[in-house]
**Q** 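This is the structure I have questions about; it appears just below.
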Amino acid sequence: MEVNLTINPPKRFVVKISGHILNPDNVGLVIRYGKLLREFLEKGLALSVVVGGGVYARKYIGAVREIGVSEAFCDMLGIHVTRANALLLISAIGYDAAFPEPPRSLGEFLKAYSSGKVVVCGGFEPGQSTAAVAALIAEAINADILALAARVDAVYDKDPKLFSDAKKLDVVTIGKLKEILEKQSIKAGRYELLDPLAIKIIERSKTPVVVFNGRKVEYLEKLVYEGKIFGTLITK
Ligand code: UTP
């Protein structure tokens, strides 16, 4: 993929990895991410990671929704799955370099972050997605960027699965992105890319966000070391 945009390489950043990419079905990829994140820490960069729930969260949520529990309970179960994925990544980073347990709240995160290790989080609270957790953490540590290792390769002006003429955007404002995502549902397990709370936090903190294809670990490497954006930059 060609690079149309370069930014200053970040020194302090948050990476959110989709659970559709980081999960027990892709151990090879988990190991590659673990190695790279460990290397970032060894090079003196300040980073934190958030992991999503992916297909497994959806499976569990689908099952208990069929049983007939509340959306709040579905969310709680989804959070457990994100935390299991977080522990998977912690194993790959090594728990000498990674904080050994995913924090459950922003307060716990900040305590863990002061250890100087890589802190890997799953979800925090029902009613949101891990994108909101990542946005909140990015705001709290005043991150240079929030990198979204997504299952999509970029932001498009409309859903590329539905419209063959959808155009890939190199840069998009958060306001425009809000319009594009407006039709998303906010039921448990159904967020796409950014949930409304994540957008709200990104708007107020003005954290620049980079969306890239999370299956390409090298895109994160090139973003962090060279400031190259293989995807979309979301700006204020
Ligand atoms: P995510 O929404 O983050 O995972 O969490 P996802 O939709 O599978 O996204 P990616 O592609 O992996 O990034 C899974 C579910 O866990 C609950 C929600 O139900 C969410 O849909 N959750 C997660 C919360 O309720 N609160 C959180 O803070 C995080």
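First listed ligand is number 1; within each ligand, the first listed atom is number 1. Just so it is clear, the values below take in all heavy atoms, side chains as well, and ignore hydrogens, waters and symmetry mates.
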**Q** Regarding K168 and D170, does a basic nitrogen lie under 4.0 Å from an acidic carboxylate oxygen?
**A**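 Result for this pair is yes, salt bridge flagged.
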**Q** Using only atom types and a distance under 3.5 Å, with no angle test, would you say the side chain of D195 pairs donor to acceptor with the backbone of A198?
**A**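 Judged by distance alone, yes, a pair lies under 3.5 Å.
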**Q** When you check the gap from the basic side-chain N to the acidic O, do E42 and R38 get nearer than 4.0 Å?
**A**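 Between R38 and E42 there is a salt bridge, with a charged N closer than 4.0 Å to a carboxylate O.
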**Q** Ligand 1 versus I61, non-hydrogen atoms closer than 4.0 Å: side chain, backbone, both, neither?
**A**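 The answer is the side chain of I61.
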**Q** Heavy-atom distances under 4.0 Å are what count here, so tell me which part of K16 touches ligand 1: side chain, backbone, both or neither.
**A**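 Looking at K16 and ligand 1, just side chain atoms fall under 4.0 Å.
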**Q** E125 heavy atoms, cut-off 4.0 Å: which ligand 1 atoms fall inside?
**A**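 Taking each heavy atom of E125 in turn, ligand 1 has 24 (C), 25 (O), 26 (N), 27 (C), 28 (O) under 4.0 Å.
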**Q** Within ligand 1, which atoms have a heavy atom of R58 less than 4.0 Å away?
**A**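 The atoms of ligand 1 under 4.0 Å from a heavy atom of R58 are 6 (P), 7 (O), 8 (O).
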**Q** May I ask you to check whether G19 has an N/O atom sitting below 3.5 Å from an N/O atom of ligand 1?
**A**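 N/O-N/O distance under 3.5 Å: yes.
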**Q** Please say whether the positively charged group of K158, taken as NZ for Lys or CZ for Arg, lies over the ring of F163, i.e. under 6.0 angstrom from the six-membered ring centre and within 45 degrees of the axis.
**A**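 Geometry flag: set, cation within 6.0 Å and 45°.
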**Q** Give a yes or no on whether the ring-centroid distance for F40 and Y225 is below 6.0 angstrom.
**A**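 Ring centroids of F40 and Y225 are less than 6.0 Å from each other.
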**Q** In terms of atom number and element, which parts of ligand 1 are under 4.0 angstrom from non-hydrogen atoms of S18?
**A**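 Answer, ordered by atom number: 10 (P), 11 (O), 12 (O), 13 (O).
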**Q** Shared ILVMFWY cluster between L87 and L77, side chains joined below 4.5 angstrom?
**A**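 L87 does not cluster with L77.
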**Q** Tell me whether the NZ or CZ atom of K59 lies within the 45° cone about the ring axis of Y56 and under 6.0 Å from its centre.
**A**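 Judged by the rule (NZ or CZ under 6.0 Å from the ring centre, within 45° of its axis), K59 counts as positioned above Y56.
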**Q** Is the shortest side-chain N to carboxylate O distance from K200 to E203 below 4.0 Å?
**A**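 The answer is no: the pair does not qualify as a salt bridge.
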**Q** At less than 4.0 angstrom from any non-hydrogen atom of G123, what atoms of ligand 1 do you find?
**A**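 Per the distance check, 27 (C), 28 (O), 29 (C).
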**Q** Check if E71 has a non-hydrogen atom at a distance under 4.0 Å from any atom of ligand 1.
**A**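 No.
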**Q** Out of the candidates I7, V14, V209, only one should pair with I145 under the side chain to side chain contact (heavy atoms under 4.5 Å, CB included) rule; please name it.
**A**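 Result: among I7, V14, V209, I7 is the only option passing the side chain to side chain contact (heavy atoms under 4.5 Å, CB included) with I145.
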**Q** Using heavy atoms and a threshold below 4.0 Å, how should the contact between I17 and ligand 1 be classified: side chain, backbone, both, or neither?
**A**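 Looking at I17 and ligand 1, no heavy atom falls under 4.0 Å.
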**Q** What atoms of ligand 1 come within less than 4.0 Å of a heavy atom belonging to I79?
**A**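 Result: 16 (O), 22 (N), 23 (C), 24 (C), 25 (O), 26 (N), 27 (C).
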**Q** Distance under 4.0 Å to a non-hydrogen atom of H20: what atoms of ligand 1 satisfy this?
**A**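 Under 4.0 Å from H20, ligand 1 has these atoms: 8 (O), 10 (P), 11 (O), 12 (O).
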**Q** Ignoring hydrogens and geometry beyond distance, is a side-chain donor-acceptor pair present between Y113 and E108 at under 3.5 Å?
**A**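 Not at all, the side chains of Y113 and E108 share no donor-acceptor pair under 3.5 Å.
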**Q** In terms of atom number and element, which parts of ligand 1 are under 4.0 angstrom from non-hydrogen atoms of F124?
**A**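 Result: 27 (C), 28 (O).
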**Q** Taking only heavy atoms of G127 into account, list the atoms of ligand 1 that are under 4.0 Å away from them.
**A**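 What qualifies from ligand 1 is 25 (O).
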**Q** Given that the side chain starts at C-beta and the backbone is N, CA, C, O, which of these parts of V133 lies under 4.0 Å from ligand 1, counting heavy atoms, or is it both or neither?
**A**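 The answer is the side chain of V133.
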**Q** Closer than 4.0 angstrom: is that true for some heavy atom of A150 and an atom of ligand 1?
**A**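 No; A150 lies far enough from ligand 1 that no heavy-atom distance drops under 4.0 Å.
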